[in-house]
Amino acid sequence: MLQYSDKVMEQFRSMKNAGRIENADGIGKVGNPVCGDVMWIYIKVDENEVITDCKFETFGCVAAIATSSLATELVKGKKIDEAMTITNKRIVDLLGGLPKEKFHCSVLAEEGIKKAIEDYKQKKSKK
Amino acid sequence: MKKIIYLDNNATTRIDKRVLQSMLPYLEEYYANPSGIYYFAQEVKKEIEKAREKVAKFLNATPFEIIFTSGGTESDNFAIKGIAFANREKGKHIITSSIEHHAVLNTLKYLEKQGFEITFLPVDKYGIVDIDALKESIRKDTILISIMYANNEIGTIEPIKEIGEIARNNNVYFHTDAVQAAGKIKIDVKELNVDLLSISGHKFYGPKGIGALFIRKGVKIEPVLHGGHHERNQRAGTENVAGIIGLGRACEIAEEDLKNTEIKNKKKKLKDKLEKGILEKIPEVIVNGHPEKRIDNTLNICIKYIEGESILIQLDFEGICASSGSACTSGSLEPSHVLLALGLPHEIAHGSLRFSLSKYTEEEEIDKVLEVLPGAVQKLRNLSPFWKEKKI
Ligand SMILES: Cc1ncc(COP(=O)(O)O)c(C=O)c1O
Ligand code: FES
């Protein structure tokens with residue numbers, strides 16, 4: 001079994017923001033071509049373009065769940081422009097590192113957030 | 001340390017106290033190198049030969065046919081490379097199954113690079129090797145068939161006797177990796193028609209780092225480890241004396257235990273309880289491996305909509321040790337080749353979980369798993385995007 005940092009285990013245990021947002025303003029559905037894992041990120045955005053709520057659903061490993069959990073925490077309360085700048089490297093750093101084989105899992109979290117924001121923008125422009 | 005519930009006995013087992021006791025003198029007092037000619041060394045040498053007799057008896061072989069190795073991996077390497085290199089003027093074709101342990105698979109892949117041709121036989125949905133495909137794949141230049149006795153992941157028992165007959169009728173050497181069979185089902189090399197057979201001590205309550213290869217008398221094989229004149233020039237290296245003594249004792253105990261219906265029934269009963277309990281309490285679970293032709297300590301399941309590593313860690317929080325063949329646990333990020341060979345799609349293989357019991361497993365431990373697992377599964381399913389849709 002791989003060695004995970006305490007912070008990863010903490011996030012995996014708590015699984016903050018796990019679940020679905022009904023009537024989400026943006027949904028980012030991403031999949032991992034490497035191992036077949038899937039992550040869906042839901043966001044709620046208010047009129048000031050601030051992300052008021054963010055949840056995730058993840059079918060994947062401990063690293064995928066921990067990075068989803070942390071990423072959703074990071075973007076909550078942030079403006080969407082700011083949320084767009086979140087990188088997987090930042091997520092990995094905040095988690096105290098990830099085993100090398102598990103780096104790709106963190107890419108999923110970054111992509112999921114970005115896709116959810118893009119989805120929100122698209123939906124808004126159509127309104 | 002919190003209480004460990006160890007249900008990963010196909011990975012390794014706890015050493016039997018009697019085995020440990022038998023070994024200790026050879027780590028302390030009787031430290032002579034058995035190659036010495038003085039009495040002190042000869043005494044040790046004698047004990048090694050006694051252990052060899054025990055291993056031979058366990059397999060219904062003669063002591064002459066037993067070579068001690070460093071474990072299952074070395075036995076497999078020795079058997080396969082040894083036969084390949086000794087018989088290459090006869091041919092360069094080797095047949096195996098697609099569900100072998102990596103000790104066999106990667107050895108054969110190495111030989112493939114050296115110019116040998118390898119046929120990897122398919123298996124059915126239970127993991128049983130396709131016998132017709134085997135018969136068809138035998139060629140004039142086939143020198144070896146290597147098919148495992150029992151599979152480590154799913155527990156399926158292969159029709160070794162039948163394969164042995166086919167090999168014999170076609171004049172092809174037959175090796176079986178019996179690492180997971182030893183101690184779990186009776187092994188009789190005469191009845192099985194095998195020419196080479198691998199076992200490993202730590203899989204049946206013996207020590208780690210010791211194993212044996214049965215080589216039928218008359219089989220043409222070359223050594224893999226070159227050096228001194230140990231093991232009748234077949235395997236160089238100063239003997240792992242304590243390990244050898246321990247392996248001998250482990251074989252003796254395993255022979256008794258196999259006849260002990262109380263031990264057998266208890267393990268089977270607990271495995272059945274675990275299997276039934278999981279199927280009752282958790283919906284959408286698939287049991288892998290053959291329903292009957294399966295070693296009775298192994299339960300391999302796929303829990304749909306969740307991933308194996310996440311469930312392993314959830315169990316680990318409660319001190320429960322199990323294993324998984326999911327892509328995320330593999331390091332190579334591919335699901336286990338065994339599960340794929342059964343025809344399971346990647347998403348299903350993702351939720352693989354293996355429990356393997358031992359003679360030491362207690363009913364409370366199984367109860368604890370049945371108490372913990374459904375909640376852990378539900379927790380992960382609640383955050384799986386596919387659970388609500390049931391889309392896999
Ligand atoms: C079927 C099988 N073959 C070979 C091995 C390798 O044995 P060892 O760990 O003694 O090298 C194992 C153990 O993982 C096994 O299960
Ligand atoms: S998501 Fe599969 S390894 Fe992390």
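First the proteins, then the strands, lettered A, B, ... as listed; each starts at 1. Quantities reported herein were computed from a predicted structural model and do not represent experimental measurements.
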To the closest 0.5 Å, what do you measure between OG1 (B:Thr329) and CD (A:Glu101)?
11.5 Å
So if I take each residue of residues 70-83 of chain A and look for any heavy atom under 4.5 Å from a heavy atom in chain B, which residues do I end up with?
none
Distance, nearest 0.5 Å, that separates CD1 of B:Ile306 from OG1 of A:Thr58:
13.5 Å
Would you find more than 12 non-hydrogen atoms of other residues, nucleotides or ligands less than 6.0 Å from A:Lys123 atom NZ?
yes
Quick one: what part of A:Ala63 sits under 4.5 Å from any heavy atom of chain B, side chain, backbone, both or neither?
backbone
Gap separating the NE2 atom of B:His350 from the CZ atom of A:Phe59, nearest 0.5 angstrom:
4.5 Å
Within residues 10-22 of chain A, contacts to chain B at heavy-atom distances under 4.5 Å involve A:Phe12, A:Arg13, A:Met15, A:Ala18, A:Arg20
Mind checking the CG-SG spacing from B:Leu312 to A:Cys61? Nearest 0.5 Å is all I need.
11.5 Å
Between the CG atom in A:Asp37 and the CD atom in B:Glu347, the distance rounded to the nearest 0.5 Å is 11.0 Å
Pairing of A:Glu57 and B:Arg381 as salt bridge, 4.0 angstrom limit
no
Keeping B:Ser310 on the side-chain end and A:Gly60 on the backbone end, is there a donor-acceptor pair under 3.5 Å?
yes
Can you confirm whether A:Asn48 is buried at CG, in the sense that more than 12 heavy atoms of other residues, nucleotides or ligands lie under 6.0 Å from that atom?
yes
Choice from B:Ser384, B:Gly351, B:Gly308 maximising heavy atom contacts with chain A below 4.5 Å:
B:Ser384
Taking every heavy atom of B:Pro385 against every heavy atom of A:Val38, the minimum-distance pair comes out as CG-CG1, 4.0 Å
Sequence neighbours excluded, the answer for side-chain hydrogen bond (donor to acceptor under 3.5 Å, both in side chains) partners of B:Thr298 is B:Asn10
Other residues, nucleotides and ligands only: do more than 12 of their heavy atoms fall within 6.0 Å of CZ on B:Phe120?
yes
Going by the salt bridge (charged side-chain N to carboxylate O under 4.0 Å, His left out) test, which pairs reach into residues 313-323 of chain B, not counting sequence neighbours?
B:Glu318-B:Lys368
